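Below, chain A is the first sequence line, B the second, and so on; all start at residue 1. Note: hydrogens, waters and symmetry copies are ignored here, and every other heavy atom, side chains too, is used. No experiment lies behind these values; they were computed from the predicted model shown.
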Number of protein chains: 2
Amino acid sequence: MEEPRWLDEREDRAWRGYRRMRRLLDLELARELTQDAGLSEPDYDVLSDLSETPDQRLRLSELADRMLWSRSRLSHHLSRMQQRGLVTREECPADGRGSVVALTPAGRQAIEAAAPGHVAAVRRHLIDLLTPEEIEALGALTHRVVDHLAGDHRRRGRAEG
Amino acid sequence: MEEPRWLDEREDRAWRGYRRMRRLLDLELARELTQDAGLSEPDYDVLSDLSETPDQRLRLSELADRMLWSRSRLSHHLSRMQQRGLVTREECPADGRGSVVALTPAGRQAIEAAAPGHVAAVRRHLIDLLTPEEIEALGALTHRVVDHLAGDHRRRGRAEG
DNA sequence: GCAAGTTGGTTGACATGTCATCGACCGTAG
DNA sequence: CTACGGTCGATGACATGTCAACCAACTTGC
């Protein structure tokens with residue numbers, strides 16, 4: 001057990017700031033989204049990903065991978081969204097095991113109604129508070145971290161080790 | 001309903017990167033923490049806040065405010081941690097309604113055992129991947145966003161409006 | 001000193017996420 | 001063709017977080 005390199009003052013400030021921002025931003029965006037559109041953030045993400053897809057439909061596993069969700073979580077969540085009439089499940093023609101999620105008209109309507117307000121909130125509480133340089137830096141830095149982590153994560157999807 | 005200002009390419013890159021990083025970093029840090037120390041991130045945060053306090057103890061409401069948790073969440077979580085012997089509840093001498101959480105020896109031992117590995121993981125997956133300029137920028141930007149959000153959040157604690 | 005309103009914390013019901021497991025189906029080696 | 005191992009998605013049990021209701025104790029105005 002060697003004495004670790006603790007975070008120095010600037011590092012600590014960045015780390016604590018990140019975690020605090022994370023929490024507050026999440027709370028606020030979720031709050032506005034529920035209030036204005038009756039959707040949770042996970043709902044929004046599912047609908048958003050589906051609506052950006054050419055045919056408004058995706059294989060479950062494909063959607064799960066894009067969202068970095070477990071298949072189980074997605075399955076549970078889709079069941080709830082299906083109850084509310086936002087999405088439907090269809091059989092997958094290409095693979096008898098699989099299924100396909102599709103946006104319903106109500107789902108499409110929900111995301112179209114929610115999107116402008118949500119983007120505005122993201123601007124108001126984050127993007128518009130940053131300088132162009134900061135936006136650039138944030139893009140660069142997050143993508144570097146993601147690339148670093150993504151390898152492990154994908155690898156871990158297959159087997160533990 | 002006016003057409004909103006959608007995110008441009010750089011803004012979108014920053015926003016998506018942030019959310020992806022958020023998710024992956026969280027998964028990885030939580031995974032290592034559980035594996036190496038048998039603690040969840042919320043456990044770690046509670047123990048960490050308590051251990052940084054002079055007397056190793058805090059009023060529930062004080063701790064909840066620091067962590068940006070609801071009182072209810074904290075109460076539930078402390079019950080679970082109490083079960084595991086990491087903390088205890090004590091009566092508050094100054095206010096008969098209140099109570100005080102205190103670190104147990106086991107709790108102190110747990111956080112001391114967990115901290116070096118956790119800090120190392122934070123370095124490995126985030127801090128050490130950034131340039132000094134980026135760390136500086138991240139600190140500045142997150143604190144600006146937090147300040148912007150903190151007002152609303154505190155205000156909302158009292159009354160809805 | 002007491003009635004009314006506020007605050008601190010707990011609780012129970014419920015929503016959500018995780019983990020382990022399962023059945024069905026796929027692909028491939030024999 | 002068939003047996004085998006791996007993948008797809010669903011499910012049930014459980015951990016965690018949220019929300020609303022609650023009790024008890026504090027505070028304030030009279």
Indicate for each nucleotide in nucleotides 9-18 of chain D, in 5' to 3' sequence, whether protein heavy atoms under 4.0 Å reach the base (B), only the sugar-phosphate (S), or nothing (-). SBBB---SSB
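- Note: CG (D95(B)) to P (dT6(C)) measures 17 Å, nearest angstrom.
- Counting only residues at least two apart or on different chains, the ring-ring contact (aromatic ring centres under 6.0 Å, His included) pairs with a member in residues 53-76 of chain B are W69(B)-H77(B).
- Taking 4.0 Å as the cut-off between side-chain N and carboxylate O, E32(B) and R124(B) count as a salt-bridged pair.
- Between the CD atom of E41(B) and the C1' atom of dT18(C) there is a distance of 15 Å, rounded to whole Å.
- Side-chain N or O atoms of T142(B) include none that pairs as donor or acceptor with a backbone N or O of M21(A) at under 3.5 Å.
- For residues 14-33 of chain A, every residue pair satisfying the ring-ring contact (aromatic ring centres under 6.0 Å, His included) rule, not counting sequence neighbours, is listed here: W15(A)-Y18(A).
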Going through the distances and angles, do T53(B) and E62(B) end up as a side chain to side chain contact (heavy atoms under 4.5 Å, CB included)? CA-CA 11 Å; T53(B) 236; E62(B) 171 64 20; over 6 Å; no
